[in-house]
Amino acid sequence: MLELRDTELSSFLIAMGDISLKKADIEDNRRQVENESKLLLHLTRKAITRLVDLKGILLLLEEEIAGIETQKSYTKWQTNLEVMEFKQRQYSIESENYKELLSRVAYSPDINHRVLIDLLQHKTRLERKTKPVLETLRCYQNLPPDKTLATLAIEKKRREYEAASNRLEDLVQALELRE
């Protein structure tokens, strides 16, 4: 038989095993974090060294730029100024051409996006109002343009309607007789 002490001892051993496993996991994680931090430290030192080198190169380049003759920069500015004056003349001519084109097509500054939207909405409303009228007029398009011909066409349709109505009544009576 197991005594009470044996049960307590086995629980203690299991707990100690769990603790040692957790300790091993923590040690592994600590070693991994330590390795990552060493790598980051190494990369940071390399980046700082590279930054110092780049700052030195930048200082050298700034000294070279400061040493450029003023005549070279003056000719560059002069060339840029000439190009800009040419472009200004070109744009002025294009602007005048566009203004002339707008006046030829009767452009008005009163026309803007809001006005066009309002006109479109007004057109849509008018189309909604006229659509039923157009549908009504379409049924009269097959009629001849002369009044007498129109009355003849109406009379012909009326006869066709009466004949169809008579045939339907005959069919209904024939079905009633069968039953």
Fill in: Within 6.0 angstrom of Arg31 CZ, more than 12 heavy atoms from elsewhere
yes
Worksheet entry | Salt bridge flag under 4.0 Å for residues Glu27 and Arg30 | yes
Worksheet item: Can we say Glu162 and Arg159 salt-bridge, meaning some charged N sits less than 4.0 Å from an Asp/Glu carboxylate O?
Response: no
Worksheet item: Near Gln88 CD, under 6.0 Å, is it more than 12 heavy atoms from other residues, nucleotides or ligands?
Response: no
Practice prompt. Would you check if Thr148 and Leu152 make a side-chain contact, meaning some heavy-atom pair closer than 4.5 Å?
Written response: no
Response to the item:
Value for NZ (Lys147) from CD1 (Ile154), rounded to nearest 0.5 Å, stands at 10.0 Å
Response to the item:
Besides Leu43, the hydrophobic cluster formed by Ile, Leu, Val, Met, Phe, Trp and Tyr side chains linked at under 4.5 Å, directly or via other members, contains Leu39
Worksheet item: How long is the span from the CG atom in Leu126 to the CD atom in Gln121, to the nearest 0.5 Å?
Response: 12.0 Å
Worksheet item: Only one of Glu36, Lys38, Gln32 clears side-chain contact (heavy atoms from CB on, under 4.5 Å) with Glu34; which?
Response: Lys38
Worksheet item: Closest approach of Thr44 and Leu40, non-hydrogen atoms and distance?
Response: OG1-O, 2.6 Å
Item to complete: Would you give the length of the straight line joining atom CG of Leu120 to atom CZ of Arg125, rounded to the nearest 0.5 angstrom?
Response: 10.0 Å
Worksheet item: Between Glu155 and Thr151, is any pair of side-chain heavy atoms under 4.5 Å apart?
Response: no
Item to complete: Mind checking side-chain hydrogen bond (donor to acceptor under 3.5 Å, both in side chains) for Asp25 and listing every partner two or more places apart, or none if nothing turns up?
Response: none
Discussion item. Would you compute the distance between atom CG of Leu171 and atom CG of Asn166 and round it to the nearest 0.5 angstrom?
Written reply: 11.0 Å
Worksheet, complete the sentence: The reported gap from NZ in Lys123 to CG in Asp118 (rounded to nearest 0.5 angstrom) is 14.5 Å
Worksheet item: Please walk me through it: do Arg104 and Leu101 pass side-chain contact (heavy atoms from CB on, under 4.5 Å)?
Response: CA-CA 5 Å; Arg104 269 189 279 146; Leu101 176 66; 4.0 Å; yes
Fill in: Sidechain-backbone polar pair: Ser95 side chain, Tyr91 backbone, donor-acceptor under 3.5 Å
no
Fill in: Euclidean distance, Leu58 CG relative to Glu62 CD, rounded to 0.5 Å
4.0 Å
